[in-house]
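Working notes, beginning with the structure itself.
Just so it is clear: chains get the letters A, B, ... in the order the sequence lines come, proteins before strands, and each one is counted from 1. The analysis underlying the following values was restricted to heavy atoms, covering all of them including side chains, and did not include hydrogens, waters or symmetry mates.
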Protein chains: 2
Amino acid sequence: MPRTINLNAKIQQLRFFLHRERRLPTYREMLDLFGYRSTNAVAGLVHKLVALGYILQDNEGHMAPTRKLAGVVKLLGAVQAGFPSPAEEELADVLSLDEYLIRRPESTYLLTVNGDSMIEAGIHPGDIVLVEKGVAPRNGQIVVAQVDGEWTLKYYMKDRAGVRLDPANRNYRFIRPRQSLTIGGIVRGVIRRYE
Amino acid sequence: MPRTINLNAKIQQLRFFLHRERRLPTYREMLDLFGYRSTNAVAGLVHKLVALGYILQDNEGHMAPTRKLAGVVKLLGAVQAGFPSPAEEELADVLSLDEYLIRRPESTYLLTVNGDSMIEAGIHPGDIVLVEKGVAPRNGQIVVAQVDGEWTLKYYMKDRAGVRLDPANRNYRFIRPRQSLTIGGIVRGVIRRYE
DNA sequence: ATTTTAGTTGAACATTTGTTCAGTTATGGG
DNA sequence: CCCATAACTGAACAAATGTTCAACTAAAAT
């Protein structure tokens, strides 16, 4: 058998370059990056990476990273299952949080949560909610709403008597808008960062 | 004064191309994209976008998108403040959730939460935790730990008697590892997606 | 109406791009 | 040890890349 190369190391180097420069290296840049002396060696490597689904290449030869390469975090199983062995880990799906959480980037916004009105739904003060504008809310969805002049986060509920906004906090009561109701958007996700 | 162009529309088109092709268009591709007939017009536009901080360009002319261009969601203020006017919105910071949540991509993993042992900390079953491996836990941090063979999510607490793992649920008691304790990683963030 | 000037055109330029070819090297398996 | 073959070298190629120049346009301001 002929010699075999360590692909994973090179993929890791590519990820580094990609996250630093925000683009894929050119063939000549890969020369330096991988220590090759011929662009043909690079061509062979790129061919392999295309076949493995790390790189896309159009008819003109323009390279673009796939999610598999540009993705940021490895999606493992459940907490109960713990961490898999390094060998199994290679098979883990690579994910981009942006793609996972945001379907319509042009109409999605981030807002910081202040109150504790949704705390029983796991939305705490300081959390960040992903709000999508311009979608009609359905019953049970969490919305950012302006009720009688004030913006809040509540469950949206429409019944025979009209719209009712429910908090997820036993200390608060539901609200029925008296004067005005504006639905800013619906909450598509929540993120929280720990120090 | 001479004529002025609508930059925002073009930036939006660039964002579209970028998220579809995972790379910036070349000058010739921008010809079609923007309806120009001279690459010099493109050069002028690119120059402007570089000056405004949307595009980076190295000495060889390679273009790379900045976070301002590649970012996905607009970061507004607090929920209480509601949604700003479209004019103010232009000034909003654009953010990538990947960059916001993940500091060390190579050692960060996603795990799905099963139990309700951390529910009072706002971590519900079905949520996804971002776990960073290879960092020593500090008191009060949430960790993924294997205690006597079983993986769980708990607060990490080290006192004179040794390590104690506290749940965020009044129905459960803290744990002191009898046989073995493995810290898989510390929880850096939580994400939740609504349907 | 005139001036001003950013925006645009069209064409040409030197480089750099990914590709290709024939030949060489290195390495694991028989 | 020797063989088979993937990996690599070195060099050359056409095509595509970003850049540059002088000339022209068009719209806002006076």
Please tabulate the protein-to-nucleotide N/O contacts below 3.5 Å involving nucleotides 21-23 of chain D, giving atom names and distances.
| residue | atom | partner | partner atom | Å |
| --- | --- | --- | --- | --- |
| D/dC21 | N4 | B/Asn40 | ND2 | 2.6 |

Residue of the set B/Arg138, B/Arg188, B/Arg103 for which salt bridge (Lys or Arg N to Asp or Glu O under 4.0 Å) holds with A/Glu195: B/Arg103

Can you work out whether B/Thr4 or B/Asp58 has the more 5'-proximal nearest nucleotide on DNA chain D? B/Asp58

Protein N or O to nucleotides 14-18 of chain C N or O, pairs below 3.5 Å:
| residue | atom | partner | partner atom | Å |
| --- | --- | --- | --- | --- |
| C/dT17 | OP1 | A/Thr26 | OG1 | 3.4 |
| C/dT17 | OP1 | B/His62 | NE2 | 2.9 |
| C/dG18 | OP2 | A/Tyr27 | N | 2.7 |
| C/dG18 | N7 | A/Arg28 | NH1 | 2.5 |
| C/dG18 | O6 | A/Arg28 | NH2 | 3.0 |

Quick check for you: among D/dA7, C/dT8, D/dG10, whose closest atom lies nearest to any side-chain atom of A/Lys48? D/dA7

Spacing between A/Tyr36 atom OH and C/dA26 atom P, to the nearest angstrom: 15 Å

Salt bridge B/Arg23-B/Glu29, side-chain N to carboxylate O under 4.0 Å: yes

Taken to the nearest whole Å, CG/A/Leu31 to C1'/D/dC8 is 12 Å

Kindly compute the distance separating CG (A/Leu69) from NE2 (A/His19), expressed to the nearest 0.5 Å. 8.0 Å

Should A/Ile123 and A/Ile119 be regarded as members of a common hydrophobic cluster, given that ILVMFWY residues are connected when their side-chain heavy atoms come within less than 4.5 Å of each other, either directly or indirectly? no

Spacing between A/Leu7 atom CG and D/dA6 atom C1', to the nearest angstrom: 12 Å

Minimum heavy-atom separation for A/Val190 and A/Val187, please, with both atom names. CG2-CG1, 4.5 Å

Check this for me: A/Arg20, atom CZ, are more than 12 non-hydrogen atoms of other residues, nucleotides or ligands nearer than 6.0 Å? yes

